[in-house]
Q: 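Structure in structure tokens, see below.
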Amino acid sequence: AQMYQPPSGFVPSILFHYVRTPQPALSWTPARDQWGPIRYAVFVDGAQAAQTYATSLRVPAPLLDGSHSWQVIAVNPAGLTSAMRPTSFWIDTVPPHGTLAVTGKLRPKKPLHAYVRYTDAPPPVLPATASGVVDVLIKWGDGSSYHIGHGKFHAYKRAGRYTITVVITD
């Protein structure tokens, strides 16, 4: 009787929506079966990408930027199957780009204005698949930092050399 029961259900280990590599690592919980090793058939965008006995796999061929889906089907030694629900993710290998302009008097306690211009647009040779900017963080170099839209005023308490860092996250 055990031989004619399909492997039990299983799910993705990590649900991710955005990845920055064209060959993401996919992982899932193990399917339970009463006997024998479970073989997993991994499908990406509806086509079989690989087979493995492990519960994780790096996509073997690079994928283009944009939306993708993946699914795993568990197969026991008798050939009975159980399928994981398809899951989707978005590949975005194009980093955001930004410029910083700082204006104001370089004096302690006088406000400086930092203005960040940014984009997450792909180069013209790629299809328009960038995910967009989600956060802009400005670090003033004196221990203070702010999440901003485009601009922020800041006054340093003491004279000195400070490095302003802008982190743009897509």
Side-chain angles (χ1 to χ4, degrees), residues 1-98 100 116-140 143-150 152 163 165-170:
Q2 293 175 354
M3 190 166 146
Y4 297 105
Q5 293 181 12
S8 67
F10 54 103
V11 295
S13 295
I14 299 172
L15 293 175
F16 51 87
H17 300 288
Y18 291 95
V19 293
R20 295 183 176 146
T21 173
Q23 291 180 271
L26 309 174
S27 63
W28 53 93
T29 60
R32 288 186 221 74
D33 194 51
Q34 299 296 325
W35 64 283
I38 300 290
R39 179 174 39 92
Y40 298 99
V42 181
F43 292 81
V44 176
D45 296 332
Q48 186 168 343
Q51 290 190 31
T52 182
Y53 288 95
T55 56
S56 65
L57 174 86
R58 183 161 301 280
V59 174
L63 300 171
L64 296 175
D65 281 20
S67 180
H68 298 276
S69 66
W70 67 287
Q71 181 179 27
V72 177
I73 296 176
V75 183
N76 71 12
L80 298 172
T81 64
S82 177
M84 179 184 84
R85 184 181 318 194
T87 304
S88 63
F89 61 92
W90 182 278
I91 293 179
D92 181 1
T93 60
V94 178
H97 175 73
L100 170 67
V116 180
R117 197 175 279 222
Y118 54 83
T119 182
D120 189 32
V125 296
L126 294 176
T129 58
S131 59
V133 171
V134 70
D135 186 49
V136 179
L137 175 69
I138 186 165
K139 299 177 183 180
W140 292 95
S144 61
S145 62
Y146 300 96
H147 296 273
I148 65 170
H150 283 280
K152 182 70 177 169
T163 300
T165 304
V166 176
V167 180
I168 303 169
T169 306
D170 65 353

Q: Quick check for you: to the nearest 0.5 Å, what is the distance between H68 atom NE2 and L63 atom CG?
A: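 It is 4.5 Å, given to the nearest 0.5 Å.
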Q: After noting the C-alpha distance and the side-chain angles of L26 and V44, does the key distance pass the side-chain contact (heavy atoms from CB on, under 4.5 Å) rule?
A: CA-CA 10 Å; L26 309 174; V44 176; 4.3 Å; yes
Q: Report yes or no: does D170 contribute a side-chain atom to a donor-acceptor pair with the main-chain N or O of V133 at less than 3.5 Å?
A: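 Not at all, since once roles are kept as given, no pair shorter than 3.5 Å links the two residues.
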Q: About how many Å separate OG of S144 and CD1 of I138, when rounded to the nearest 0.5 Å?
A: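 Here the rounded value is 9.0 Å.
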Q: Could you check whether any side-chain N or O of T169 sits under 3.5 Å from a backbone N or O of V134, counting only pairs where one atom can act as donor and the other as acceptor?
A: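 No, because the side chain of T169 does not come within donor-acceptor range (under 3.5 Å) of the backbone of V134.
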Q: H97: which residues meet the side-chain hydrogen bond (donor to acceptor under 3.5 Å, both in side chains) condition with it, sequence neighbours left out?
A: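 Applying side-chain hydrogen bond (donor to acceptor under 3.5 Å, both in side chains) to H97 gives none.
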Q: Please find the pair of heavy atoms, one from G98 and one from I168, that lie closest to each other, and give the distance.
A: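 Shortest heavy-atom separation between G98 and I168 comes out as CA-CD1, 3.6 Å.
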Q: Please name the pair of heavy atoms, one in P24 and one in F89, separated by the smallest distance, quoted to 0.1 Å.
A: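 Heavy-atom minimum between the residues: CG-CE1, 3.8 Å.
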Q: Could you report the tightest heavy-atom contact between T93 and R20, atom names first, then the distance?
A: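 Heavy atoms only, the tightest pair is CG2-O, 3.5 Å.
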Q: Counting heavy atoms not belonging to L64, are there more than 12 under 6.0 Å from its CG?
A: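 Open.
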Q: From D65 CG over to W90 CH2, what is the distance, rounded to the nearest 0.5 angstrom?
A: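 Rounded to the nearest 0.5 Å, the CG-CH2 separation comes out at 8.5 Å.
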Q: Less than 4.5 Å apart, any side-chain heavy atom of D120 and any of D92?
A: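 Yes, at least one pair of side-chain atoms sits under 4.5 Å.
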Q: Donor-acceptor pair, Y40 side chain versus A31 backbone, under 3.5 Å?
A: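 A pair under 3.5 Å: yes.
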Q: Flag the pair H150 / V116 as yes when at least one side-chain heavy-atom distance between them is below 4.5 Å, and no otherwise.
A: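 The answer is no; the side chains never approach within 4.5 Å.
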Q: When you measure from the side chain of N76 to the backbone of Q5, do you find a donor-acceptor pair of N or O atoms at a distance under 3.5 Å?
A: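 Here the side-chain-to-backbone pair exists.
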Q: Working to the nearest 0.5 Å, report the span between CH2 of W28 and OG of S13.
A: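 Here the rounded value is 8.5 Å.
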Q: For a quick test of reading the model, state the closest non-hydrogen atom pair linking F10 to V72 and the distance between them.
A: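 Closest heavy-atom pair between F10 and V72: CZ-O, 3.4 Å.
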Q: Report all side-chain donor-acceptor pairs from residues 50-62 shorter than 3.5 Å, counting only partners two or more places apart or in another chain.
A:
residue: Q51; atom: OE1; partner: R39; partner atom: NH1; Å: 2.9
residue: T52; atom: OG1; partner: A54; partner atom: N; Å: 3.0
residue: R58; atom: NH1; partner: Q23; partner atom: O; Å: 2.7

Q: Donor-acceptor pairs under 3.5 Å, side chain of residues 77-85 to any protein atom, not counting sequence neighbours: which ones?
A:
residue: S82; atom: OG; partner: P7; partner atom: O; Å: 3.4

Q: Hey, does I38 have a side-chain heavy atom less than 4.5 Å from the side chain of P30?
A: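 Not touching, per the 4.5 Å side-chain cut-off.
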Q: Are F43 and P86 close enough that some pair of their side-chain heavy atoms sits under 4.5 Å apart?
A: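 F43 vs P86: side chains apart.
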